[in-house]
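First the proteins, then the strands, lettered A, B, ... as listed; each starts at 1. The basis for the numbers below is simple: all heavy atoms, side chains too, and nothing from hydrogens, waters or symmetry mates.
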Amino acid sequence: MKALELHRDLTRIWKNETGWRGVFSSVSHTDLGKRFIITAAVFFGIGGVLAMLIRAQLATPQSAFAGPEVYGQIFTMHGSIMMFLFAIPMLEGLAIYLLPKILGARDLAYPRLTALGWWCYLFGGTIMILALLGGVAPDAGWFLYPPLSGREFTPGVNSDVWLLGITFVEISAICAAIEIVVTILKFRAANMSLTRMPIMAWYLLATAGMMIFGFPPLILGSILLELERAFGWPFFQPEFGGSPLLWQHLFWLFGHPEVYIIFLPAAGALSTMIPVMARTPLIGYGAIVTAVMALAFLSFGLWVHHMFTTGIPHMALGFFSAASVLVAIPTAVQVFAWIGTIWAGRPKFTLPMYYILGFFVVFVLGGLTGVMLAIVPFDQQAHDTAFVTAHLHYVLVGGFVFPMLAAAYYWMPHATGRTRVMRVGIAAFWLIFIGFNLTFLHMHLTGLLGMPRRVYTYPVEAGWTTLNLISSVGGFMQAFGFGLFAIDIALQHRLGKRTRRDPWEAETLEWAMPTPPTQYNFASLPTVDSREPLTQDRNLGARLAGGKGLLARAVDQRRETLAVDIASGAPEHVAILPGPSLIPLHTALVIGGFFLSMLLSLYWLAPVFVVATAVMVWRWAATTGTVNDAGPVNAGQGLCLPTSFDVRGSVGYWGSVLAVAASGTLFASLIFGYFFLWVVAPNWPPPGEFDAYFLEPVLVTAGALLASGGARAGLRNFRRAKPGAVLAACGLALAIAGLLLGAIRHLPGPAEHSFAAVAWTLTCYAVFSAAVGALAQLFIRGRIASGHVSARRPHECRIAAVWSDYGAGVAIIVAWLLALSGAAL
Amino acid sequence: MVSGLVLWAVAFSTLYALHGLGCSSGWTGSGTFGLSWAKLLLLAVWISLIGTHCILLRWLVRRKDTQMERIGIAIGWIGLGATVVTGAPIVVVSSCV
Amino acid sequence: MVMVFLASTLAACEGALSTIDPAGPSAARVADLWWCMLGGSILLATLVFALLLVGLLRRGVADREKPGNKSVWIGWLGLAMPVTVLMVLLGFALWVGERNLPTGPAAETIEVTAYNYGWEFCYEDGSCSEDVLRIPTGRPVDLDIRATDVIHSLWIPRLAGKMDAIPGQVNRLRIQADASGTYEAVCAEYCGVGHASHRFVVEAYEAENANNLMGAAR
């Protein structure tokens, strides 16, 4: 009876608001995870239709189906959609849905940020699709190389749609990445130390870490190219000291880690499913964790292998070739660990297993051709041919789509509580598997016979006719397979038989809850002492539902989950999570307003939306926290823990540190761009006389030191926090003034030369960072006045200090860098 | 835990940056042993980076009680191996062509 | 039977743009590299699939206390084997790459300019030609490649790997044709609506009367 009461109370606390308002204000990770997955599946369908148009066009030589203008939009959008609107959001959706459940938590670290991410994704993706329907979609290839994508050769809005739409979507990727890392580090079951985490958590930790460092270069590149297109700042124009290669470096610095960002979560799903299907533990947990970390790092040393034909000296190519070869080794470790697990066990031939075997065949072949393409002389022949098209589809479809199809069948009973109907899924598998190989296997040969990528037609004499026709037949076969898969999933959702709680006899905590899951996941939270808590105790789910775990309580309207020590997993505090809110939707709309005004060239309107965004973020932050001293709470089983209001290391702090790390990566990429242009680009040094200057950087340094001192005074002694915050904000304002003064007095106009363009960009970035820091400190002052921050609850001071210190540091670096550049030029 | 790979990332970036700087500043004049200055500099930096890896590894192996520490040691070895292999082209390949 | 198969395979390799029907030393080295890698890949794929198949069909014990053998699967198959294979391959690759570089004297250096949508070739004697590149046979020729508008990529598949034409920089590519004849070339980097037809041909002339013939043609 007590268990039912607990269930009723928790349902009341965790449920969405009613009606349409509930749809717009939901912050539940289960809802949003499903929304991400379904939205990504819809975009996959759209990208798939574009693929069919490509195959229809190429089925015969001299086809009159599409002209080169339309074809340019089709292949550009096919690649862009599949990468940015399908693969990344799909893995985010998987992580968002699954992560709290496998870690034994009730929600993610920042529920409202999850919602913001989804709205940004939806709006950004919609802009792209509307552009496609309007016939003004991007058409310079998914890599958008300037000068082709620049104003001169793409005068229309096409490239802007890509730059702004994709950047809008990437906001959601950064949000998700920060959220995933903090959730894994802090929101786990009691006593789940790092090495007791389910292997999937390690994969997602690596993936999210890579996203934090991988996406900023792309975002920076997009900002630079948009600045060039909108205002004529010549970053990529050699006649003004720019270099088209800078874009390629920034793009691929993101683009190659991206491949592993896509692959790792899928590999995590495989490492989760294969032991369950083989009925034996995964071999080499430690080795796999090591391999995953190695992949996460090494994959940042491969980007130039997309640039082997750009005239870079052979020794530099050698560095990247060697790194590209090395990255195959951790992948091999995983593949053999999986095969070894299957070897040791007694595999069940269930539907997920079909797709897992499909993965092995397709991915291993893709990996082998990947090693070939790491080889410089061979790549110089195969680069930009159909060979690469074939290779990348083997890797991405093998390494992501097949595992995701397996994962769909594996976790469908979890999401719906139903099992599959009939044998439609097996027919779909054979259509997809055979269709895929029929499309792409001999496409390697098509490439070796000289067919370049991105040609809308080809002559009969080239000898590629039969090969292309077979590819097209295979492509349409796959399309039928994916259609059948969609039908099968819909059937299972509507007609599937109700299943028992843990149909696969799995190892991980997501199966220790009712299916379909409740909004609060667990009625009480588990304590674990091994990696496979369910294997140890098959009744764990029932015990937790009966309130026999931690936090089996329902107090007021408070959404509670457990936060643990990062390394040991010892319970640390009770995190209080926010409930339904319209703020994420409104924030996304305001950000969308900014992107739309940029897209429509209403440049006077854009700053209005920037201010509005700042106001929204302020309001957002203002709704957190409490003005009451709550004191420790009883977490059950004799544990008495403080709440997240009263602790120093709350998730807000860790999230800020990671956000600053992402911003710092963008800054580092910009500095890289500065020196890259200086060293490599033609037409340097810039025309005109430059001298070093000292007045302004000294001013900036004084302001920055003042800011840091003010923040620090507040941290040391809370009584000084209020004046300290004001001092910090004033110091940053002084730094901003110094930065602007220096730029105005000493820099030429940004459109004159790439030096000035980068210098102005650095200045703007430093001003922005310092302004964010100043706002954070002003916010703290207001919070102290309102009683949210007090001597007992000072942790928001630490968060503000992260932002203001970062702003101060950036201001100092930029001021001195620019002031001293004059002397060197 | 990931210090070995962080050091590799530093080493890799350093070598790549030095190489770019060397070639664009034209340090291709011949130094001693019939090698160009750019190549000699790269060799010296590469070898000292390998040395740094070895020092790091010695520091890592001092404790191997927990699984996290053992993973850290493995990653230390991986970092060392990666720096050796990714820097190997310095020895066998011509610098700036 | 084997002969028929081989003949048909070789026939499948032919084509005006085929990288595996090389007509110059650079492309020939890469083609050899390709066949070696293809052979190695087939062996490795066979090994992996065979292990997987046996693993599926044999009835393992599925004893939770006795997981699989780590040193065999991860130590030998996952680490030792790939490390060995890959290091050999990397060494071979760097050697081939080094030999394909434009080092040592060339018979001629030709200025190439790519633009939307055509190719211009200017020779050491001051003459220029459009969309036809004329070279002597049997001797290395260096191409200094530029672009005036967007990025292109010069690719003569039967002679050598490709090299991008990038505004603001000059990239050098060494080519050599072993026999006289016509070789087709395409633009490999997407350069806009005319990309598919952005092509040219290479005409190679025998060495003894190359100058006369080329002079006449130029």
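- The two residues A:Q334 and A:V292 make their nearest non-hydrogen contact at OE1-CG2, 4.3 Å.
- Across all their heavy atoms, A:I813 and A:F667 have their closest contact at CG2-CZ, 3.9 Å.
- One finds no salt bridge joining B:E69 and B:K64 here, because no Lys/Arg side-chain nitrogen approaches an Asp/Glu carboxylate oxygen to under 4.0 Å.
- Heavy-atom pairs under 4.5 Å with chain A were tallied for B:L5, B:L42, B:V93, B:V6; the largest tally goes to B:L5.
- Using a 4.5 Å cut-off between heavy atoms, B:Y16 touches chain A through backbone and side chain atoms alike.
- Among A:V325, A:L317, A:L326, the residue with the largest count of heavy-atom pairs under 4.5 Å with chain B is A:L326.
- Using a 30° and 60° split on the angle between ring planes, A:W303 and A:H249 fall in the perpendicular class, above 60°.
- A:L103 and A:A201 make their closest contact through CD2-CB, 4.0 Å (heavy atoms, listed as atom of the first residue, atom of the second, distance).
- Listed by sequence position, the residues of residues 50-59 of chain B in contact with chain A number zero, using a 4.5 angstrom heavy-atom cutoff.
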Self-check item: Step-by-step side chain to side chain contact (heavy atoms under 4.5 Å, CB included) determination, A:S271 to A:W202
Solution: CA-CA 11 Å; A:S271 284; A:W202 278 109; over 6 Å; no
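- Residue contact with chain A, scored on non-hydrogen atoms closer than 4.5 Å, involves the backbone of B:V97 exclusively.
- If you tally non-hydrogen atom pairs under 4.5 Å between each of A:V304, A:V680, A:L298 and chain B, the highest count goes to A:L298.
- Within 6.0 Å of CH2 in A:W654 there are 12 or fewer heavy atoms belonging to other residues, nucleotides or ligands.
- Within the 4.5 Å cutoff, no side-chain heavy atoms of B:L21 are placed close to those of A:F675.
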